[in-house]
Enquirer: 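Before I ask anything, let me first share the structure, which is written out below as C-alpha cells.
For this chain, numbers begin at 1 and follow the sequence in order.
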Amino acid sequence: MIVSFISLKGGVGKTTLANNLAAYLKKEYNYKVLIIDTNGIYSSNLIFLNNEKFFGNKIYQGIKILPYFHLKIIDNLDFSINDLNYLKRYYDVIIFDVLPNINYILSIEKISDISFLVINTDFYSLYVNKKLYDLLDKNKVKIVLNKYDKSIEIDFIEDIYNKEVYSIIPIIKDFINYLFQYQPIAFYNEKSKALKYIDELAYCITGNKRKRSIFDIIFR
C-alpha cells in the first residue's frame, strides 16, 4: 500500500504524523515500512541519520535501515513506476512525506492508495489546501485536522471542504517533543495519548483499532 501525507502549507505536522504512523505500524503490527521523504537536504528526518547525507539516484538505493522504519530521502521525483513496484514487493506500506510543492503532490497523489491531507485551523492552511483538495481524487483523501485548538468549529471546516474530517488531533506535547527523543513516540512511550490518534490513521491501513475508547468497546 502507498500512503502519502500532503499539504500545500509547511509546518502543519506532516512529517511528525508520517514518522509516528510508520513507527506504530512497525511496533504494533510488525509491518515493513519505508518512508520516502521528498524534502531532500532540508528534511527534518536527517536527525535520525546523524546528519549523514542521503545518496543514490534511485529510490531503492541508499535506503537507511532504522529500528522503527526504513528511510529514503530524495530531492527529486526522477523515478519510475518500476522502481516503486520493486519496493512494493518488499514493503507492506510505503509512506511518502511530501513537501509543499503542487507538482510533487499531484504526482505522488496519483500513485497513492490513501492521501492524508493535513490541515491546521489558520486561514492560510484552510484556503490553500481547499484549492489543493479540489484537484485531488476525493475518494483517496482523508482530511486530518492537526494541532486543533478549537478556534474554528469542525462543522465550518467540513462545510468548506464538503467532506467529513477524518481525524481531529489536538495539540499534544508528545508530538512537539518527540524529535528531542531521537525516536518516534511508540518506541519510548507506549502510554502516550498521542498514539490514540496515530491508531486512527493506522486503521485506514490495517482495518483494526488497538487504542479503542470505552464507546468503541461497548458499541462495537
Enquirer: Could you check whether atom CG of Leu135 has more than 12 heavy atoms from other residues, nucleotides or ligands sitting under 6.0 Å from it?
Expert: yes
Enquirer: Listed by chain and number, what are the salt bridge (Lys or Arg N to Asp or Glu O under 4.0 Å) partners of Asp134, not counting sequence neighbours?
Expert: Lys130
Enquirer: Could you report the tightest heavy-atom contact between Val98 and Lys14, atom names first, then the distance?
Expert: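 Closest heavy-atom pair between Val98 and Lys14: O-CE, 2.7 Å.
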Enquirer: What's the verdict on side-chain contact (heavy atoms from CB on, under 4.5 Å) for Phe69 and Lys26, showing C-alpha distance, side-chain angles and the deciding distance?
Expert: CA-CA 7 Å; Phe69 47 71; Lys26 167 64 178 176; 5.7 Å; no
Enquirer: With a 4.5 Å limit on heavy-atom distance, are the side chains of Tyr31 and Thr206 in contact?
Expert: yes
Enquirer: Who are the salt bridge (Lys or Arg N to Asp or Glu O under 4.0 Å) partners of Lys147, not counting sequence neighbours?
Expert: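 Listed in chain order: nothing, the list is empty.
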Enquirer: Measure the shortest side-chain to side-chain distance between Phe116 and Ile114 over non-hydrogen atoms and say whether it is less than 4.5 angstrom.
Expert: yes
Enquirer: May I ask you to test the Leu117-Leu132 pair for a side-chain heavy-atom distance under 4.5 Å?
Expert: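 The answer is yes, as the side chains (C-beta and beyond) meet within the 4.5 Å cut-off.
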Enquirer: Check step by step if side-chain contact (heavy atoms from CB on, under 4.5 Å) holds for Lys142 and Ser167.
Expert: CA-CA 8 Å; Lys142 302 289 185 182; Ser167 183; over 6 Å; no
Enquirer: Where do Glu109 and Ser115 come nearest, in terms of heavy atoms and distance?
Expert: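 That closest heavy-atom pairing would be CG-OG, 3.6 Å.
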Enquirer: Same cluster for Val3 and Tyr86 if Ile/Leu/Val/Met/Phe/Trp/Tyr side chains link at under 4.5 Å?
Expert: no
Enquirer: Applying the 4.5 Å side-chain criterion to the ILVMFWY set and letting contacts propagate, would Leu106 and Leu77 be lumped into a single cluster?
Expert: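 Result: yes, single cluster for both.
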Enquirer: Under the side-chain contact (heavy atoms from CB on, under 4.5 Å) test against Phe96, which residue among Ile6, Asp37, Ile35, Ile111 passes?
Expert: Ile111
Enquirer: Indicate yes or no for a side-chain donor-acceptor contact from Asn120 to the backbone of Asp122 under 3.5 Å, with no hydrogens or angles considered.
Expert: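 Checking the backbone N and O of Asp122 against the side chain of Asn120, no donor-acceptor pair under 3.5 Å is found.
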Enquirer: With a 4.5 Å limit on heavy-atom distance, are the side chains of Tyr91 and His70 in contact?
Expert: yes
Enquirer: Starting at CG of Leu99, measure out to CD1 of Ile108 and round the result to the nearest 0.5 Å.
Expert: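 So the CG of Leu99 and the CD1 of Ile108 are separated by 8.0 Å.
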Enquirer: Please report the closest heavy-atom contact between Lys140 and Lys110, naming both atoms and the distance.
Expert: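 Scanning both residues, the minimum pair turns out to be NZ-O, 3.1 Å.
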Enquirer: Side chains of Asn146 and Ile119, heavy atoms from C-beta outward: is any pair under 4.5 Å?
Expert: no
Enquirer: Determine whether a donor-acceptor pair (N or O, by modelled atom type, separation under 3.5 Å) exists between the side chain of Ser7 and the backbone of Val118.
Expert: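 Side chain of Ser7 to backbone of Val118, a donor-acceptor pair under 3.5 Å: yes, one is there.
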Enquirer: If the threshold is 4.0 Å, N to carboxylate O, is there a salt bridge linking Lys209 and Glu200?
Expert: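 Looking at Glu200 together with Lys209, the answer is no, because their closest N to O distance does not fall below 4.0 Å.
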Enquirer: Does Ile171 belong to the same Ile/Leu/Val/Met/Phe/Trp/Tyr cluster as Ile169, with side-chain heavy atoms less than 4.5 Å apart forming each link?
Expert: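 No.
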Enquirer: Any chance you could measure Leu145, atom CG, to Tyr166, atom OH, to the nearest 0.5 Å?
Expert: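 So the CG of Leu145 and the OH of Tyr166 are separated by 14.0 Å.
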Enquirer: Would you say Tyr161 and Val144 are hydrophobically clustered, going by side-chain heavy atoms of ILVMFWY under 4.5 Å?
Expert: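 As far as the 4.5 Å side-chain criterion goes, Val144 and Tyr161 are not connected within one cluster.
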Enquirer: Quick check: does any side chain N or O of Asp113 sit under 3.5 Å from a backbone N or O of Ile2, one acting as donor and the other as acceptor?
Expert: yes
Enquirer: Under the criterion side-chain contact (heavy atoms from CB on, under 4.5 Å), which of Val12, Leu17, Asn19 is the partner of Thr15?
Expert: Asn19
Enquirer: List the steps, then state whether side-chain contact (heavy atoms from CB on, under 4.5 Å) holds for Leu49 with Ile73.
Expert: CA-CA 10 Å; Leu49 305 182; Ile73 300 175; 3.8 Å; yes
Enquirer: Distance from Ile176 atom CD1 to Ile172 atom CD1, nearest 0.5 Å?
Expert: 9.5 Å
Enquirer: Kindly compute the distance separating CG (Asn76) from OG1 (Thr38), expressed to the nearest 0.5 Å.
Expert: 10.0 Å
Enquirer: Within the 4.5 Å heavy-atom criterion, are Ile94 and Ile36 side-chain neighbours or not?
Expert: yes
Enquirer: Between Ser192 and Ile185, what is the shortest heavy-atom contact and its length?
Expert: CB-CG2, 3.5 Å
Enquirer: For Tyr24 and Asp199, which I'm curious about, is there any donor-acceptor pair between the side chains at under 3.5 Å?
Expert: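 On atom types as modelled, these side chains qualify, holding a pair under 3.5 Å.
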Enquirer: Do Lys72 and Tyr60 come within less than 4.5 Å of each other through their side chains, counting heavy atoms only?
Expert: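 Side chain of Lys72 against side chain of Tyr60, heavy atoms only: no contact under 4.5 Å found.
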Enquirer: May I ask you to establish whether Lys9 and Tyr124 are in a cation-pi arrangement, using a distance under 6.0 Å from NZ or CZ to the six-membered ring centre and at most 45° from the ring axis?
Expert: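 Relative to the ring axis of Tyr124, which defines the angle, Lys9 lies outside at least one limit.
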Enquirer: Rounded at 0.5 Å granularity, tell me how far CZ in Phe5 sits from CD1 in Ile95.
Expert: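 CD1 of Ile95 is found 6.0 Å from CZ of Phe5.
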Enquirer: Ring centres of Tyr68 and Phe48 under 6.0 Å apart?
Expert: yes
Enquirer: Within a radius of less than 6.0 Å around CG of Asp137, do more than 12 heavy atoms belonging to other residues, nucleotides or ligands occur?
Expert: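 For Asp137, atom CG is crowded (more than 12 foreign heavy atoms under 6.0 Å).
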Enquirer: Side-chain polar contacts of residues 149-160 - donor-acceptor pairs under 3.5 angstrom, sequence neighbours left out - could you list them?
Expert:
residue, atom, partner, partner atom, Å
Asp149, OD1, Thr121, OG1, 3.3
Asp149, OD1, Ser151, N, 3.0
Asp149, OD1, Ser151, OG, 2.7
Ser151, OG, Thr121, OG1, 3.4
Glu158, OE2, Val165, N, 2.9

Enquirer: Please check if atom NZ in Lys193 has more than 12 non-hydrogen atoms from other residues, nucleotides or ligands closer than 6.0 Å.
Expert: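 No, NZ of Lys193 has 12 or fewer neighbouring heavy atoms, counting only those of other groups under 6.0 Å.
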Enquirer: For Ala22 and Val33, which heavy atoms make the closest approach, and how far apart are they?
Expert: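 Residues Ala22 and Val33, closest heavy atoms: CB-CG1, 3.6 Å.
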Enquirer: Do you know which of Leu195, Asn20, Leu21 makes side-chain contact (heavy atoms from CB on, under 4.5 Å) with Pro184?
Expert: Asn20
Enquirer: So does Leu8 get a backbone contact from the side chain of Asn129, meaning a donor-acceptor N/O pair under 3.5 Å?
Expert: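 Checked: pair present.
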Enquirer: Spell out, yes or no, whether Tyr188 and Ile198 are grouped together once hydrophobic residues are joined by side-chain heavy atoms under 4.5 Å, including indirect joins.
Expert: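 Per the 4.5 Å side-chain linkage, Tyr188 and Ile198 are co-clustered.
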Enquirer: Against the six-membered ring of Tyr133, is Lys138 placed for a cation-pi contact (under 6.0 Å from the centre, within 45° of the normal)?
Expert: yes
Enquirer: Between Tyr29 and Leu25, is any pair of side-chain heavy atoms under 4.5 Å apart?
Expert: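 Side chain of Tyr29 against side chain of Leu25, heavy atoms only: contact under 4.5 Å found.
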Enquirer: Please name the pair of heavy atoms, one in Asp75 and one in Tyr104, separated by the smallest distance, quoted to 0.1 Å.
Expert: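 Closest approach of Asp75 to Tyr104, heavy atoms only: O-OH, 3.2 Å.
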Enquirer: Taking atom CG of Asn189 and atom CG of Asp174, what is their separation to the nearest 0.5 Å?
Expert: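 Interatomic distance, Asn189 CG to Asp174 CG, rounded to 0.5 Å: 5.5 Å.
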